[in-house]
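Notes for the one structure printed next.
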Amino acid sequence: MGPILWSAKNTTGQTIIEKQFSELLLENNLSQIVTEPTRFRSQQRPSLLDLVILSDVNLVSSLNVSNPVGTSDHSKIEIELQIMIYSEPNARIKTTSIVDYTRIDESLLTYDWNGLDSLNAEEQWKHFKSILQTCITTNSRLFTNRLRKDKPWINQHMLDKIKYKAKLWKKFKRKPTEDNFSAYKRFSNQLKSDLQIARCNYENSILNKPKLFYSHVRKFISSRVSVPLVRNASGLLCSDHTETANTLADSFAATYNLNINNNIPSFMPTSTFSGLPYINFTPDLVKSQLCAIKLNTAPGPDQIPPKLLRTCAASLSGPLAKMMTKSFLQGTLPYEWLQATITPLYKSGDKLDPANYRPVSLTSTCCKIMEKVIVKELLTYMRKNNLIPEHQHGFLPGRSVVTNLLSCTNLWTKMLDTTQPVDIIYLDFSKAFDKVPHNLLLAKLESYGVTGNLLDWIRAFLSNRNYCVKVCGKFSYSKPVLSGVPQGSVLGPILFLLYTADLLFSLDSYSAYADDIKLFANPLVTDLQDQLNLIFQWSEKWQIPLNIAKCCVLQCGYNNPKYLYHINGTLLSVKTSTKDLGVIVNDKLGWSEQCLASVGRARKMFYLLKHVFPNPSVSFISKVYITYIRPHLEFAIPVWRPYLLKDIDLLERTQHLVTRWTHCLRQVSYEQRLEILKIPDLRARQNRADAIQIFRLTHGLFPGVTRNFLQIQYHDRLRGHSYKLKKEPFKTTVRKNYLTNRAFDIWNGLPDNVVAAVTLSSFKNQYDTLQ
């Protein structure tokens with residue numbers, strides 16, 4: 001294996017065995033991390049023979065190739081792994097509170113909330129919360145049970161059998177005869193079979209109980225320690241989870257913008273606006289938001305269960321509407337609405353470095369309800385006044401990663417099809433959401449017509465916020481929020497879009513998903529350097545710094561002049577491929593690398609699940625595959641659907657592998673296995689995904705995005721349905737295999753009653769009945 005160039009992304013120039021070994025690692029999302037020779041012999045060239053292969057390179061803190069041990073000619077490899085072991089007893093006592101929400105709703109319906117009118121916002125909240133807490137205490141009961149968290153399928157009958165097996169073994173040890181050993185062996189084999197059947201029956205029983213099913217699977221595939229003991233400011237590992245929480249709290253505070261200039265830069269909006277000073281919080285409006293609460297969300301710092309708010313929506317919508325109106329008119333928020341419990345989410349890199357975690361805020365559910373009402377009115381106002389840039393796809397209804405990438409690849413493939421080169425510049429802002437200065441944000445909002453009570457409430461929403469970090473049940477000390485918009489809130493992302501809207505309106509050819517912006521143009525026609533200079537000036541002016549080290553350029557097209565670009569004198573790196581919103585894009589606009597990455601993640605998950613569920617039932621295999629494995633193969637598939645036979649086969653082989661999970665399934669053909677598992681082949685799923693995207697486009701289900709952003713044209717003079725696509729001429733393979741071209745025959749062949757469906761769900765149902 002010495003000649004393999006491990007840093008290369010292709011296998012050209014390798015022998016058959018070397019190529020097979022390299023592709024085996026790629027397909028299974030494995031990485032070889034030793035980069036220097038490990039074997040030294042006299043009169044021979046040093047070679048790399050000792051390998052370290054990992055599924056997650058972030059597990060390794062350091063790797064060192066040092067001198068050999070004794071007379072060996074192999075170097076010693078020393079690695080430091082970030083592995084933490086968390087143990088808990090198999091059996092535990094759990095006290096559970098069962099709340100009768102129906103009785104609470106009945107009691108709240110008769111409660112007189114008129115006393116809230118004379119109180120201020122803080123007093124209203126305290127009174128409202130105390131009433132709810134009293135109702136929960138009165139209408140709940142506690143019960144204690146003994147749980148076996150690791151193996152819930154082992155009941156008392158099974159425990160008795162396990163004890164009897166131990167007795168048979170002791171009997172054999174006392175009198176080691178052939179009969180005693182045979183009796184022990186027979187019972188042991190039968191017990192093993194009984195345990196497998198009991199586990200299979202338990203897993204089948206929870207298939208239609210989502211909470212139990214996901215909890216059961218997650219218990220085996222996820223680490224029970226979400227955040228390790230990170231390094232503190234001295235470079236030493238924290239002594240406990242409380243110190244870890246405090247270290248992360250200090251790390252998050254360090255990202256705030258502490259050098260805010262109180263001088264507001266000159267800013268001229270593109271037009272005058274009608275203004276949005278006031279929002280009316282009606283009980284019906286609040287009730288509709290309460291009924292849409294997801295029951296599986298965690299309560300905020302106020303510890304009010306979301307299930308209580310949703311179940312009692314009819315009785316709580318009135319008092320909540322009063323509280324929101326008072327808060328809005330007074331321009332103040334209850335203290336607990338400004339508190340946030342931060343959950344640190346690991347991004348990438350060294351897991352012991354606190355800088356590699358992203359803060360996600362868990363805030364009051366009642367405050368989120370008020371934010372949703374405000375966001376709904378704010379989005380309507382933004383669309384009415386054209387405040388939403390057309391090519392902004394982040395945090396907006398009907399827009400997503402898929403719409404962003406489809407609109408981009410549409411333009412890029414068209415340019416390559418007409419022999420035009422295209423340069424794509426990926427920009428990265430440093431901690432953009434945490435850096436937004438509050439005073440500059442409020443000034444922009446006012447210039448956009450957000451005035452009066454609404455502006456005062458948003459000012460109060462951003463001011464006097466505090467947070468604490470939670471790690472494994474331990475909390476850090478409270479710290480103030482000095483800048484930025486809260487990540488995890490409902491209103492925060494929309495405020496960020498408004499803050500950056502003027503930048504996007506000043507650009508010519510771009511696409512954005514929140515703070516992820518990419519510029520692209522024909523370098524022979526458009527000078528992208530001018531656009532870069534404008535972006536840098538904006539970032540300096542509005543205090544959102546660029547992370548120049550992470551900005552890069554893709555240069556596509558055979559006749560590309562390969563211009564160099566810089567930001568503030570620093571040259572941007574030129575890459576052959578980069579990750580764009582989770583999809584790997586290369587300078588040929590081919591998708592082989594993305595296929596390998598998707599297959600690697602899917603197979604990694606499969607091998608893990610196969611290890612912890614060695615003998616699942618057919619129903620369990622189907623459920624686990626659809627939930628945990630297939631999404632890796634289908635993420636944004638309308639964008640990167642493979643067209644090379646080797647890539648198509650690679651994806652299908654992964655599903656083929658999963659269908660051979662158990663011995664009984666290996667005895668039949670692949671087609672029969674798909675029928676048994678009730679899952680379609682991937683090509684059929686991909687055709688369905690393409691049809692769904694075209695239905696959304698032709699029926700205007702992307703609000704604010706024009707129907708022809710994919711240049712879809714219609715034929716109204718031919719037989720068939722009224723949404724037929726017109727054949728588009730193309731010269732290149734990448735354009736031939738773009739969404740509208742590859743799905744041309746499938747879409748045009750659908751019956752009129754299917755494509756004319758009123759809703760997306762009805763289209764999906766009618767499409768599925770045709771297959």
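Hydrogens, waters and symmetry mates are skipped; everything else that's a heavy atom, side chains included, is used. None of the values given here were measured: they were computed from a predicted structure.
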- prompt: Closest heavy-atom contact between Pro354 and Thr247?
  reply: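 It is CG-CG2, 4.1 Å.
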Are the side chain of [X] and the backbone of [Y] linked by a donor-acceptor contact shorter than 3.5 Å?
| X | Y | result |
| --- | --- | --- |
| Thr500 | Phe496 | yes |
| Glu540 | Pro545 | no |
| Arg310 | Ile293 | yes |
| Thr311 | Leu308 | no |
| Thr325 | Ala321 | yes |

Is it the case that the ring center of [Y] lies less than 6.0 angstrom away from the ring center of [X]?
| X | Y | value |
| --- | --- | --- |
| Phe252 | Tyr357 | no |
| Phe520 | Tyr510 | no |
| His393 | Tyr513 | no |
| Trp113 | Phe128 | yes |

field: Ion pair Asp117/Lys322, N-O distance below 4.0 Å
entry: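 Yes.
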message: Assess whether a salt bridge exists between Asp284 and Lys287, defined as any Lys/Arg side-chain N lying under 4.0 Å from an Asp/Glu carboxylate O.
response: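 Here Asp284 does not pair with Lys287 in a salt bridge, since their nearest N and O are not under 4.0 Å apart.
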- request: Apply the side-chain contact (heavy atoms from CB on, under 4.5 Å) test between Ile104 and each candidate in Leu132, Thr134, Ile136; give the one that qualifies.
  value: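 The side-chain contact (heavy atoms from CB on, under 4.5 Å) with Ile104 is passed solely by Ile136 among Leu132, Thr134, Ile136.
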- prompt: Pick one: which of Met323, Lys129, Met324 meets side-chain contact (heavy atoms from CB on, under 4.5 Å) with Gln124?
  reply: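 Among the candidates, only Met323 passes.
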Residues in side-chain hydrogen bond (donor to acceptor under 3.5 Å, both in side chains) contact with Tyr477, at least two apart in sequence or another chain: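 Per chain and number, Tyr477 pairs via side-chain hydrogen bond (donor to acceptor under 3.5 Å, both in side chains) with Asp250.
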message: Could you check whether Lys518 makes a cation-pi contact with Tyr426, meaning its NZ or CZ is under 6.0 Å from the centre of the six-membered ring and within 45° of the ring axis?
response: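 So Lys518 doesn't make the cation-pi contact.
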- prompt: Would you call the rings of Trp457 and Phe461 parallel, tilted or perpendicular, where under 30° means parallel and over 60° means perpendicular?
  reply: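 Judged by the thresholds at 30° and 60°, the geometry between Trp457 and Phe461 is parallel.
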